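Lettering follows sequence order; numbering is per chain, from 1. Predicted model, so just to flag it, every value in this text is computed and none were measured.
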Protein chains: 2
Amino acid sequence: MKDQDAKTLSNTQRAVRDLRQMILSGELAAGTDHLESELAETLGMSRTPIREAALMLESKGLLEMRPRKGVRILPVSSDDMREIYDILTELESLAAQRAAEAGYCEDELAVLAGSIAKMDQAIEAEDLEAWAEADELFHQELVRLGGNKRVEAIVAMMSDQVRRARATTLFIRPLPVKSNEDHRVVFQAISEGRPDAARERHREHRLQAQAMLCGILEKHRLNSL
Amino acid sequence: MKDQDAKTLSNTQRAVRDLRQMILSGELAAGTDHLESELAETLGMSRTPIREAALMLESKGLLEMRPRKGVRILPVSSDDMREIYDILTELESLAAQRAAEAGYCEDELAVLAGSIAKMDQAIEAEDLEAWAEADELFHQELVRLGGNKRVEAIVAMMSDQVRRARATTLFIRPLPVKSNEDHRVVFQAISEGRPDAARERHREHRLQAQAMLCGILEKHRLNSL
DNA sequence: GCATTTATTTGCGTATACATTAAAGAATGC
DNA sequence: GCATTCTTTAATGTATACGCAAATAAATGC
């Protein structure tokens, strides 16, 4: 672990990983500013790798570098959420379609099936954190099965941008029972090789998630997560 | 011009701009490797801004930084082209739909209309370069009208990745007469506020472009543009 | 007192230096 | 002659230094 950390990874890569983690966990709160030198000290390295990491995270939409004002952790508004979910809807639906077209066999779909099982258990136990984790796995695996690396990268990027918001909304939203039902139907369509069904059902699934989430954000006036 | 260059832009920004241009123009050919120090000398600056620029271009998919091997200009294969066009198809269709929903008035659609006119003229004159330029403007403006900044950024990124390939295929492919017809239909649908029609027609338009381009690439064994 | 100008500070952009380490080349043993 | 080890080279990753410009504080004029 520490080996991997110190040996194979460059400081720049560690900085990317650690800063990302700190942003997703909220340790670096949305909307806050941080000097390059502060971050450098925090992570125990010089400004150079910090700058390089910040540049990368900037192009991933997690922060913004503003001369003299420091690195700003970007907040996510409900408008941002709409933009992001629009993209997730389109690209994940495509992935679902492609996955269905690919004609995967049962054990190639094992991870996807597993994630659904985990979500069911989590709902049973009313463990929202576990559900969220399994949900994330489902979407990630779905996109992987879609077989388009660029889609995978874009979806991962968009997911990062909303992860903070999910932590907040998770406990406000209704129990995601309907969501699980959707996942099952999408899975069925994929395993039976029905591309149109997979695509359409997943699309509806995402549109509903978007409406629900944006609804909550606006209702609670949560405008910079 | 030179003012903008020297005064307001940082060396890093200039490096991003210039390297991008050199890649798109083919001055830095696909598949070639370049040392950071060479690039630094070429652009008349130190390695620091070059590295920062390279990092940014790496996350835009134009190059890859490989330790000890230098900066590699990424080639685009026909598989890459498929991935990219799949994404362009989904996101631009969404943009077309949203543009139609937005109910833009005539002069908000002037640029779009203008680009179509330019394409018609270009076809008339059989000026493929001019056509390509106008085509690019059409797609860019369409996405802008879609009103999703993230979609705009992603589409721009994907467009950059295929631009090199277009220069090659432009003179192999048939005269894009059908393409112009498509643009007109999409425009009509947008200006008349028919989202579904705009979306579907644009989708078909892109699917055909994809089939045509990938077909050409495979037929001519052009596999690293 | 308030506005305007002048110091001062401070953070960034960038050049530069250097240690590290992978790759290439030379030398050795068989 | 071929494989293997040792040298050497060279490119990167990172620390550091420094000039410059922007933001802040101080000082001056009114």
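- For the pair Leu94(A)/Arg199(A), a side-chain contact is recorded, criterion being any heavy-atom separation below 4.5 Å from C-beta on.
- Regarding Ile50(A), its CD1 atom lies at a distance of 16 Å from the C1' atom of dG13(C), rounded to whole Å.
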If a protein heavy atom is under 4.0 Å from the base, mark B; if only from the sugar-phosphate, S; if neither, -; do that for nucleotides 14-21 of chain D going 5' to 3'.
BBBB---B
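- Protein atom CD of Glu41(B) is 15 Å distant from nucleotide atom C1' of dT16(C), rounded to whole Å.
- For the pair Glu58(B) (side chain) and Met65(B) (backbone), a donor-acceptor distance under 3.5 Å is present.
- Per the geometry, NZ belonging to Lys69(B) stands 19 Å off P belonging to dT21(C), to the nearest Å.
- Between Lys219(B) and Ile172(B) there is no side-chain heavy-atom pair separated by less than 4.5 Å.
- Distance Arg72(B) CZ to dA11(D) C1': 18 Å, rounded to the nearest Å.
- Between Leu55(A) atom CG and dC12(C) atom C1' the separation is 13 Å, expressed in whole Å.
- At a threshold of 4.5 Å between non-hydrogen side-chain atoms, the residues Met22(B) and Ile73(B) do not count as touching.
- Between the CG atom in Leu225(B) and the OG atom in Ser77(B) there is a gap of 9.0 Å [rounded to 0.5 Å].
- Summarising the geometry, the separation between CD on Glu36(B) and C1' on dT14(C) is reported as 15 Å, rounded to the nearest angstrom.
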Side-chain donor-acceptor pairs under 3.5 Å in residues 143-158 of chain A, sequence neighbours left out?
unit_1    : atom_1 : unit_2    : atom_2 : d
Arg144(A) : NE     : Glu141(A) : OE1    : 3.0
Arg144(A) : NH2    : Glu141(A) : OE2    : 3.0
Asn148(A) : OD1    : Arg150(A) : N      : 3.0
Asn148(A) : OD1    : Val151(A) : N      : 3.0
Asn148(A) : ND2    : Glu83(B)  : O      : 3.2
Arg150(A) : NE     : Gln161(B) : OE1    : 2.9
Arg150(A) : NH1    : Asp80(B)  : OD1    : 3.1
Arg150(A) : NH1    : Glu83(B)  : OE1    : 3.2
Arg150(A) : NH2    : Gln161(B) : OE1    : 3.1

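- If you take CG of Asp33(B) and P of dA23(C), they are 13 Å apart, rounded to a whole angstrom.
- Nearest-nucleotide mapping onto DNA chain D: of Pro67(A) and Ser37(B), the residue sitting toward the 5' end is Ser37(B).
- Going from atom CG of Leu35(A) over to atom P of dA22(D) covers 17 Å, rounded to whole Å.
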